[in-house]
Amino acid sequence: MPQRVYTYLYYPTVNIYYDTTRKLYFFTDGEDWQENTKLPSDFLLNKNEAVTVRLKSDKPFLADVSRRYSADTTW
């Protein structure tokens, strides 16, 4: 059975992921990763910097794309 691929918008300057299908944000609260349908009000996203990444994980922060992201990449 093929492994599911998840599509995220990744915002590298703030290290935030957005799952475009499940409509979930993944972000840190300092140390721990959180997921929610909304970002805290003090988080600002620059929509122009979004990079599309495709991952074989429902937990994008485990892939650590911060060092190697690029447009339309699958890990």
Side-chain angles (χ1 to χ4, degrees):
M1 177 182 253
Q3 190 173 11
R4 181 172 176 187
V5 174
Y6 297 84
T7 301
Y8 300 96
L9 294 178
Y10 176 60
Y11 299 88
T13 59
V14 289
N15 200 28
I16 292 174
Y17 299 86
Y18 178 68
D19 184 316
T20 60
T21 302
R22 296 181 292 164
K23 306 206 182 310
L24 283 174
Y25 289 97
F26 296 83
F27 54 92
T28 62
D29 65 355
E31 293 184 20
D32 298 317
W33 282 95
Q34 306 292 318
E35 64 180 73
N36 203 317
T37 56
K38 295 182 180 180
L39 285 174
S41 60
D42 57 332
F43 282 74
L44 299 175
L45 295 180
N46 178 351
K47 305 260 186 211
N48 293 325
E49 80 163 350
V51 177
T52 301
V53 291
R54 292 178 181 87
L55 304 172
K56 297 175 184 173
S57 175
D58 63 347
K59 298 189 179 358
F61 48 88
L62 296 178
D64 189 23
V65 301
S66 61
R67 292 187 217 170
R68 58 185 179 185
Y69 73 89
S70 64
D72 297 316
T73 300
T74 301
W75 284 289

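Under the 4.5 Å side-chain contact rule for hydrophobic residues, L55 and V51 share a cluster.
In this structure, the side chain to side chain donor-acceptor pair (under 3.5 Å) partners of Q34, at least two apart in sequence or on a different chain, are D29. Annotation: side chain to side chain donor-acceptor pair (under 3.5 Å) contacts of T13 (sequence neighbours excluded): E49.
Here the straight-line distance linking atom CH2 of W33 with atom CD1 of I16 works out to 8.0 Å at 0.5 Å rounding. A distance of 5.0 Å separates CG in L45 from CG in L39, rounded to the nearest 0.5 Å.
Scanning both residues, Q3 and K56, for their nearest heavy atoms gives NE2-O, 3.2 Å.
The side-chain heavy atoms of Y10 and T52, taken from C-beta on, include no pair separated by under 4.5 Å.
Through side-chain heavy atoms spaced under 4.5 Å, either directly or across other Ile, Leu, Val, Met, Phe, Trp or Tyr residues, L44 is tied to no other residue.
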Side-chain donor-acceptor pairs of residues 20-28 under 3.5 Å, sequence neighbours excluded:
| from | atom 1 | to | atom 2 | distance (Å) |
| --- | --- | --- | --- | --- |
| T20 | OG1 | T7 | O | 3.4 |
| R22 | NE | D19 | OD2 | 2.6 |
| R22 | NH2 | Y8 | OH | 3.4 |
| R22 | NH2 | D19 | OD2 | 2.8 |
| R22 | NH2 | D58 | O | 3.0 |

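Sequence neighbours left out, not one pair with a member in residues 35-46 passes salt bridge (charged side-chain N to carboxylate O under 4.0 Å, His left out).
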